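These notes concern the structure reproduced below.
The structure displayed is predicted, hence computed values, not measured ones.
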Amino acid sequence: MELIESIPRLKPRAVDAHKGDFGRVCIIAGSIGMSGAAALAGRAALRAGAGLVRVATPKSVLPIVASIEPSFTTIVLPEDSVGRISSKAINTILNAVSENDAMAFGPGVGVSGGLQSVLEALLQQEKLPLIIDADGLNNLAALKDWPAKLKAKLILTPHPGEMKRLWSGVFREPLPSDRQ
């Protein structure tokens with residue numbers, strides 16, 4: 001019983017609160033065959049307490065993502081020939097930056113030069129709270145000298161395999177075996 005009592009509780013929300021009072025998040029996610037990753041990330045943001053969640057996803061994936069969860073809205077993005085987000089989506093994504101408190105990039109997007117261009121543009125946004133997860137980390141590992149270009153406030157969520165690729169990409173040496 002002690003453990004349950006020690007878990008911090010969120011303050012109750014005011015009865016006159018509006019969804020805009022609890023933060024706006026845009027998640028750039030999904031590709032053909034990976035629509036579930038986009039929908040699950042959107043649901044997770046809602047469950048974490050974000051007031052307004054938008055999932056930006058490729059045009060052909062959007063109907064699937066939107067049908068899984070009606071509580072978030074969507075942004076349609078141009079896609080490449082295999083159903084991943086295209087570099088033509090950069091302007092749409094950068095327009096969304098100013099409308100949101102935080103951006104997330106990566107669940108189910110795959111890896112491509114176009115996605116790396118999108119990610120590079122996000123990294124260069126001054127003080128943008130940017131969470132990079134899943135395939136976003138794989139795209140990040142492929143970018144040369146990304147730390148030198150970084151202006152966003154970055155949060156990375158690597159599992160051990162993603163961390164190994166990131167480490168090798170940044171330090172040009174194998175990841176140490178002790179996981180300190």
Side-chain angles (χ1 to χ4, degrees), residues 3-4 6-14 17-77 79 83-86 89-90 92-112 115-116 118-119 121-123 125 127-141 150 152-166 179:
L3 179 61
I4 292 174
S6 67
I7 297 173
R9 302 278 183 218
L10 294 174
K11 294 178 185 175
R13 293 185 173 185
H18 180 272
K19 64 184 174 189
D21 297 335
F22 304 106
R24 296 165 302 186
V25 178
C26 180
I27 303 167
I28 303 154
S31 61
I32 294 212
M34 297 298 282
S35 55
L40 287 171
R43 273 188 172 172
L46 289 167
R47 291 192 70 184
L52 181 62
V53 176
R54 300 193 76 191
V55 178
T57 197
K59 181 180 181 178
S60 62
V61 176
L62 187 134
I64 299 165
V65 172
S67 69
I68 291 172
E69 176 58 63
S71 300
F72 54 68
T73 61
T74 53
I75 300 172
V76 65
L77 297 176
E79 61 188 57
R84 294 176 302 219
I85 297 166
S86 160
I90 290 174
T92 303
I93 290 168
L94 291 180
N95 287 339
V97 166
S98 64
E99 300 169 358
N100 291 281
D101 300 311
M103 302 285 286
F105 177 83
V109 296
V111 178
S112 72
L115 287 160
Q116 290 158 25
V118 169
L119 180 55
L122 286 168
L123 292 172
Q125 300 306 300
K127 298 180 182 175
L128 169 68
L130 177 61
I131 301 159
I132 303 178
D133 184 41
D135 281 335
L137 295 164
N138 296 325
N139 281 287
L140 184 64
L150 181 62
K153 295 187 325 188
L154 204 54
I155 297 171
L156 305 178
T157 62
H159 62 55
E162 293 162 343
M163 186 64 197
K164 183 177 180 181
R165 286 186 286 278
L166 281 171
R179 290 180 56 182

Verdict with reasoning, K19 to R24, per side-chain contact (heavy atoms from CB on, under 4.5 Å): CA-CA 9 Å; K19 64 184 174 189; R24 296 165 302 186; over 6 Å; no
Pair I131, L154 - check side-chain contact (heavy atoms from CB on, under 4.5 Å), show working. CA-CA 6 Å; I131 301 159; L154 204 54; over 6 Å; no
Going through the checks in order, is the side-chain contact (heavy atoms from CB on, under 4.5 Å) test met by L166 and L140? CA-CA 7 Å; L166 281 171; L140 184 64; 3.7 Å; yes
side-chain contact (heavy atoms from CB on, under 4.5 Å) between V61 and S35, worked out: CA-CA 6 Å; V61 176; S35 55; 3.5 Å; yes
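Under the side chain to side chain donor-acceptor pair (under 3.5 Å) criterion, E162 pairs with H159, not counting sequence neighbours. Partners of N138 by side chain to side chain donor-acceptor pair (under 3.5 Å), not counting sequence neighbours, listed by chain and number: D135, R165. Residues forming a salt bridge (charged side-chain N to carboxylate O under 4.0 Å, His left out) with D21 (at least two apart in sequence, or on another chain): none. With sequence neighbours left out, the side chain to side chain donor-acceptor pair (under 3.5 Å) criterion links T92 to no other residue. Checked against salt bridge (charged side-chain N to carboxylate O under 4.0 Å, His left out), R13 has no partners two or more places apart in sequence or in another chain.
Separation of atoms SG (C26) and CD1 (I75) is listed at 4.0 Å; rounding is to 0.5 Å. If you take CG on L52 and OG on S71, they are separated by 11.0 Å, rounding to the nearest 0.5 Å. One distance of note links CZ of R54 with CE of M103; it measures 10.0 Å at 0.5 Å rounding.
The closest side-chain heavy-atom distance from V97 to L122 is below 4.5 Å. The closest side-chain heavy-atom distance from S60 to I32 is below 4.5 Å. Residues V53 and T73 have side chains not in contact (no heavy-atom distance under 4.5 Å, counting atoms from C-beta outward). I93 places a side-chain heavy atom less than 4.5 Å from the side chain of V118. Annotation: side chain of Q125 is not in contact with side chain of L130 (no heavy-atom distance under 4.5 Å).
Looking at D133, its side chain never comes within 3.5 Å of a backbone N or O of F105 through a donor-acceptor pair. Looking only at distances, no side-chain donor or acceptor of T74 sits under 3.5 Å from a matching main-chain atom of A66. At least one donor-acceptor pair under 3.5 Å links the side chain of E79 to the backbone N or O of K59. Side chain of S112 to main chain of L115: a donor-acceptor pair is present (N/O by atom type, distance under 3.5 Å, no hydrogens or angles). Proximity of a side-chain donor or acceptor of T57 to a complementary backbone N or O of A29 within less than 3.5 Å is detected.
Looking at every heavy atom in both residues, A39 comes nearest to F72 through O-CE2, 3.7 Å. Nearest approach of M34 to G108, heavy atoms of both residues: CB-O, 3.3 Å. Closest of all the heavy-atom pairs between L94 and A121 is CD2-O, 4.2 Å. Contact record, P58 with G30: CD-O, 3.5 Å, taken as the closest heavy-atom pair. Closest approach of N139 to G110, counting heavy atoms only: ND2-O, 2.8 Å. Of all non-hydrogen atoms in G136 and V109, the two that sit nearest each other are N-CG2, 4.3 Å.
Each of I132, L119, V111 was checked for a side chain to side chain contact (heavy atoms under 4.5 Å, CB included) with L137, and the lone residue meeting it is I132.
Applying the salt bridge (charged side-chain N to carboxylate O under 4.0 Å, His left out) test to pairs two or more places apart or on separate chains, those with a residue in residues 63-73 are R43-E69.
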